[in-house]
Amino acid sequence: MRSDRVAISFTLNDRPVEAEVAVRTSLVDFVRDTQGLTGSHVGCEHGVCGACQMRVNGVIVRGCLMLAVQADGGEVVTIEGLTGSGECADLQRNFVARNAMQCGFCTPGMIFTAVELLAENPCPSRPVIRDALSGNFCRCTGYQSIVDAIEATASERA
Amino acid sequence: MKAPDGLIGASRPRSKARRLVAGQGSYTDDIVLPGMLHVTFVRSALAHGRILSIDADEARTMPGVVGLFDGKDIAAVCKPFQVHHAALPHYRNAQQPILAIDEVFWQGMPIVAVVATSRAAAEDAADTIFVDIDELPVVSDPLAALTDSAPPRIATEESNLALDMRIVHGDVDAAFADAFAVVEHEFDFGRQAGVSLECRAIIADYRSGQDTLDVIQSHQVPHMMRELFADHLGIDAIRVHVRCPDVGGAFGIKLHAYPDEMATCAISKILGRPVKFIADRMEAFASDAQAREARVRARLGVDAEGKIVAIDAGSLFGLGAVSSYPRGSVGEGLQAMQMMGAPYTLPAVRSTLQCAYQNKPPTGTYRGVGQPIAAAVTEQLMDKAARAIGMDPAELRRRNYLPASGARHATPTGLQVGDLSLEACLDRLMERMDYARLRAEQAELRAKHIYRGIGLCTFVELTAVGSGLYGGNQVSIAAGEGCSLRLEASGQVSCETSASEQGQGTGAGIAQIVAHTIGIELDSIMVKSGSTDGTTYGGGAWASRGIAIGGEAALIAARDLRRNILTIAGSLLQADPGTLDIRDGMVTDASGPRLPLSEIGTIGHFRQYQLPLDPVPELTVTRHYVPRTYPYIAANGIHAAHVEVDVGTGLIRIIGYHVVEDCGRIINPLLVDEQIRGGTIQGIGAALYEHCRYDEEGQLLNGSLADYAVPMAGEMPDIDIGHIETPAAETELGAKGAGEAGTVGAIGAIWTAVNDALAPLGAEVTRQPFTPDRIIEAILAARGDQTGD
Amino acid sequence: MELEAEILVPGSRQQVWNRLIDPAVLQRCIPGCTELDRTTDTDFAGKMVVKVGPVSATFQGGVSLEEMVEPERCVLAGQGKGGAAGFAKGAATITLMEEGESTKLAYVATVQIGGKLAAVGNKLFGSVARRNIDEFFDAFQQVMQEDQPVAG
């Protein structure tokens, strides 16, 4: 039934959230529409573009392919939380320095992919960075500046 | 211009980027108004048909549903779209209802608007609506659309022909008859989608009390939209306000008035409540303006020295069922027709154009608008001519380039060009890519059955288009840009520009121009744009104008504000303003800093009585600039693609990519290079991947991001960029447009590179995109030819 | 898209024919068919629920029997309109051949889709069509099986 609603509670950017949601509500719609966190963007709603990426229980997910109810009991971090924690301030600084975004719609998703990549592989080569980014669609930059920003961050951290 | 250590010409990051990288962008869908409703549209599943009935009984009773509107409901409050270009009287256009009335003529055409308290509720209700449509004959292929027996794509239209034009100069047939070599090629450019990552979006908020309409819209041209909303909804333009917040990519797609967006405003007017419409990705593929569906057959003749004797090109464009409103859909064809052979001296030229209507979504402006097609056709012919006479393709180009310097003059196809730097760009490119070495390596590898291609694409690009284009067509679109500057009491400067932006960095460039010209720090300026409520009026973002025109307006405004500041300072310091300067936010004289700008601002705003001047010079200055005496500023450049074709799999790998570009005075090299890179990737996408595949029934077969292939990071190369700076003679700033330069040259560079790689096999590709199956097909066809099968 | 196959069903050619043109049997066998009413001798109108990937819709449509040569062959033509989801239409030419106690039923079906179904489900549709047609004939085989006198 479409009207089925379920009570959920989880941690969103280090704060507890309790809500009753329709089962079909996607996680990205939930954080955008009910929590006012609009940094996660809806680009395709079919899991291709990566603009809605966020972190759930330590793993980067597509917010459009995950239901809000699936986050129940979990820990969700959106770009707002990631920024607030300062965890990737150096990466964000390099994105700015290198102008690794134009319209900025894909950027939060790109940041999450880059954070995950650098956690797994502290000094990735350019082809490895490009492969890692290949699940995130950017129509503006042509990707090179994003690769540059990630590469610069990796070498600064090394 | 100031010293080279100034801000003009400096690579500086955009301040706005600090907001975007933190997820603090504010896009239309991020904005919520009190009492806001949501609309979704039931669209036609058929490409052509007669609406027999609409059964919406169930939808009306569903929870959250506030209203349903069909074509007649909307027509009662909103005029239909009717494209009319006064300067093109033979350009035929049918009327387009805002929502379909009785007939649908493309798959995706909106039929019923469903308004509810949430998007989900609206979609639930829309799913229950049943529109019974009786199929009518579909015309999908543009060539088929123009045959005598073709069914009309709209029942009441007599013909599917939109426009039939030609340009002829010199005795083309005689020139071909005398040519040393004549080459010919066919070109099929696949229909493309713009695919901005943020889909189209609008919020309309009508209030009956003062008959006001506030619109928040993901768009490039707020002033144009304001005029249209006012006109179509019968509201005074002074009561209409359009604001474009952060826009998530546009590329020309968000340059048109769309029926669903207009309907959203009409519904707000009917209901008296704010209404939001956000297109989803599937709707974007079915309803955004598409582009580039074109077929060209072209010939080029050269003499024994490699000099062009004539070019002859026939182009056919598929426009969709109706033209995009209000700019029309023939711009792409017209630019392609006029720009055939644009970089070269052409003794004789014939270029013809036919535009056909068909049962597909309307096409419109998409980055480059016809110029990439003309460049690809021209350059592929140049390569074939070079092979035919055994000359290096770079040398052939060099021998035919338009001369480097000269006053503005008209070419045989009617282009107005001034100072170009075609040969300088070629020289720089040869150096950067190490052309000679690559050619040698190519020959060696061929012996090992490794097929690499080097493709060149020289281009001339029309940027900063002036008021002659739409003004001449009596279409209400501003071509000038304005800039308003206010010295604040703090000594900082607020800047408002009519040049809008969708991520290009126009605002950042304008801040640099203003800071440089006045003499203040970059951080002391805040730039705003995208609203019709301000004091500036202008075009927004189209035809690579932001810096070339908007920047010129900013320069003039900054110079005048500086003069006013110095006049006040001179009065306060009892000095001749001519002896004063402004540096880092301080008024200085020969002795050093004398007065901070905050002092001028404070006195100018709060303590004017202290000033003996009458009148007190204004601390708010608004200036406009428009190209009036020239049609546009021609820029130029050259692309080179280095590719390897796997003849076993048909896969194409891009090994290297170089661009040398001349956009006149560069304000911010970092941002210019990013414009070129992004544009280049879009051109590579067109050449290799992107294609809206329609069947004969006008059905789109790949309407999702899972099926419509766009360039992703893994397949794309790093792009090396060099510059030649030939300042535009037309303006003081000297900037030319750069936003489309990447796309204009990239398609042709891939065409020539892939065909260069295939040349030793006797194979050639003619249909874009160059998918692996098409490459294999071409190779097999060539083998068949060689074995005489 | 064209699909073809052969199946062997129990019963004589005439028995198979009689069942094939029986609306009750058609309703039972057409996957997702919730209603089917005879409007003329050879035309039926009904509703069918179809799901292709992310698109699911109730299709209103009709089935008609054409080019009937009793009891050898007929064309079963159908078209459905699914509102916002799109439309589907198709035709199956069915040939019946006696094979001992049983009948060999061969069909060649063509299917076309449009609207959202085509735009999003085009790649998925082949397998969905295949499955639907298989389900139809499996169910039909079951009907014929039930018709047979219980052995012993």
Side-chain angles (χ1 to χ4, degrees), chain A residues 2-3 22 24-25 29 32-33 36-49 51 78-80 82-84 91-93 95-108 110-111 126-127 129-148, chain B residues 11 13-14 16-27 29-32 63 118 120 124 194-199 246-251 278 280-282 502-505 670-671 673-682 684 704-706 710-719 742:
Chain A
R2 281 169 167 159
S3 57
R24 62 174 175 170
T25 304
D29 281 352
R32 287 177 53 83
D33 297 345
L37 297 173
T38 55
S40 311
H41 300 140
V42 176
C44 72
E45 294 176 281
H46 48 259
V48 178
C49 77
T78 65
I79 186 67
E80 290 88 350
L82 194 69
T83 302
L91 184 65
Q92 288 171 313
R93 177 171 42 73
F95 263 62
V96 172
R98 188 56 189 79
N99 198 46
M101 84 220 67
Q102 288 178 26
C103 80
F105 205 77
C106 74
T107 312
M110 289 284 182
I111 294 279
R126 289 180 75 83
I129 297 172
R130 283 187 175 273
D131 275 354
L133 292 176
S134 286
N136 291 78
F137 173 46
C138 169
R139 189 57 154 176
C140 301
T141 62
Y143 304 107
Q144 185 170 336
S145 53
I146 301 173
V147 177
D148 290 348
Chain B
S11 282
R14 295 185 292 155
K16 186 176 171 179
R18 298 201 292 266
R19 188 161 59 77
L20 298 177
V21 81
Q24 295 169 2
S26 177
Y27 305 88
D29 195 24
D30 300 341
I31 297 166
V32 176
S118 74
D124 286 345
V195 209
S196 57
L197 187 49
E198 180 207 23
C199 293
D246 288 330
V247 175
F251 317 114
I278 308 293
D280 69 25
R281 182 57 58 191
M282 276 141 73
Q502 300 77 42
Q504 298 93 323
L670 175 73
L671 304 187
D673 287 0
E674 287 312 303
Q675 280 303 298
I676 292 169
R677 289 201 174 96
T680 297
I681 297 301
Q682 285 187 17
I684 293 174
S704 78
L705 262 182
V710 287
M712 300 302 270
E715 300 119 11
M716 290 299 110
D718 281 347
I719 296 168

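What's counted below: heavy atoms across the whole structure, side chains too, no hydrogens, waters or symmetry copies. Here the structure is a predicted model, which is why all the values come from computation and not from measurement. Residue numbering restarts at 1 for every chain, and letters A, B, ... go by the order of the sequence lines.
- The part of B/Ile681 that comes within reach of chain A is its side chain, from C-beta onward, which places non-hydrogen atoms under 4.5 angstrom from that chain.
- When all heavy atoms are compared, the tightest approach of A/Glu80 to B/Gly23 is OE2-O, 4.2 Å.
- For A/Arg130 against B/Asp718, the heavy-atom pair with the smallest separation is NH2-OD1, 2.6 Å.
- For chain B, the nearby part of A/Thr107 is the side chain; its heavy atoms alone come within less than 4.5 Å.
- Contact record, B/Val21 with A/Ile79: O-CD1, 4.0 Å, taken as the closest heavy-atom pair.
- Using a 4.5 Å cut-off between heavy atoms, B/Ile676 does not touch chain A at all.
- For the atom pair NE2 of A/His41 and SG of B/Cys199, the computed distance is 13.0 Å after rounding to the nearest 0.5 Å.
- Using a 4.5 Å cut-off between heavy atoms, A/Thr83 touches chain B through its side chain atoms alone.
- Ranked by non-hydrogen atom pairs under 4.5 Å with chain A, the options B/Val710, B/Leu197, B/Leu20 are led by B/Leu197.
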Could you go through B/Gln675 and A/Gln102, starting from their C-alpha distance and side-chain angles, then the distance that decides it, and tell me whether this counts as side chain to side chain donor-acceptor pair (under 3.5 Å)?
CA-CA 9 Å; B/Gln675 280 303 298; A/Gln102 288 178 26; 3.0 Å; yes
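- In terms of non-hydrogen atom pairs under 4.5 Å with chain A, the most contact-rich of B/Pro711, B/Gly25, B/Gly505, B/Gly249 is B/Pro711.
- In terms of modelled atom types and a separation under 3.5 Å, the side chain of A/His46 and the main chain of B/Ser704 share no donor-acceptor contact.
- Proximity to chain A (any heavy atom under 4.5 Å) is shown, for B/Gln24, by neither the backbone nor the side chain.
- Using a 4.5 Å cut-off between heavy atoms, A/Ile111 contacts chain B through its side chain alone, with no backbone atom that close.
- Neither the backbone nor the side chain of B/Asp246 comes within contact range of chain A; no heavy atom of the residue lies under 4.5 Å from a heavy atom of that chain.
- Of all heavy-atom pairs between A/Phe105 and B/Tyr27, the closest is N-OH, 3.3 Å.
- Here A/Gly104 is the residue among A/Cys138, A/Gly104, A/Gly47, A/Gly84 with the most heavy-atom pairs under 4.5 Å with chain B.
- Neither the backbone nor the side chain of B/Ala250 has a heavy atom closer than 4.5 Å to any heavy atom of chain A.
- Options B/Gln682, B/Gln502, B/Arg19 differ in how many heavy-atom pairs under 4.5 Å they form with chain A, and the most are formed by B/Gln682.
- With a 4.5 Å cut-off on non-hydrogen atoms, B/Val195 touches chain A through its backbone and its side chain both.
- Heavy-atom distances place the side chain of A/Tyr143, and not its backbone, under 4.5 Å from chain B.
- Closest of all the heavy-atom pairs between A/Val96 and B/Pro13 is O-CB, 3.3 Å.
- The greatest number of non-hydrogen atom pairs below 4.5 Å with chain B, out of A/Gly39, A/Gly43, A/Cys106, is found for A/Gly43.
- Neither the backbone nor the side chain of B/Pro63 comes within less than 4.5 Å of any heavy atom in chain A.
- Put simply, CG on A/Asn99 and CZ on B/Arg677 are 10.5 Å apart, with the number rounded to the nearest 0.5 Å.
- Residue B/Asp29 touches chain A through both its backbone and its side chain, counting heavy-atom pairs closer than 4.5 Å.
- A salt bridge links A/Arg98 with B/Glu674: the distance from a Lys NZ or Arg NE/NH1/NH2 to an Asp or Glu carboxylate oxygen falls below 4.0 Å.
- Listed options A/Gly135, A/Ala51, A/Cys44 were ranked by heavy-atom pairs under 4.5 angstrom with chain B; first place goes to A/Cys44.
- Both the backbone and the side chain of A/Gln92 come within less than 4.5 Å of a heavy atom of chain B.
- Only the backbone of A/Asn136 comes within less than 4.5 Å of a heavy atom in chain B; its side chain stays farther off.
- Across all their heavy atoms, B/Phe251 and A/Cys140 have their closest contact at CZ-SG, 3.7 Å.
- Between chain A and the residues B/Gly742, B/Ala713, B/Pro717, the most heavy-atom pairs under 4.5 angstrom are made by B/Ala713.
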Can you check side chain to side chain contact (heavy atoms under 4.5 Å, CB included) on A/Gln144 and B/Met716, steps first, answer last?
CA-CA 8 Å; A/Gln144 185 170 336; B/Met716 290 299 110; over 6 Å; no
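- The distance from the CD atom of B/Gln504 to the SG atom of A/Cys103 is 9.5 Å, given to the nearest 0.5 Å.
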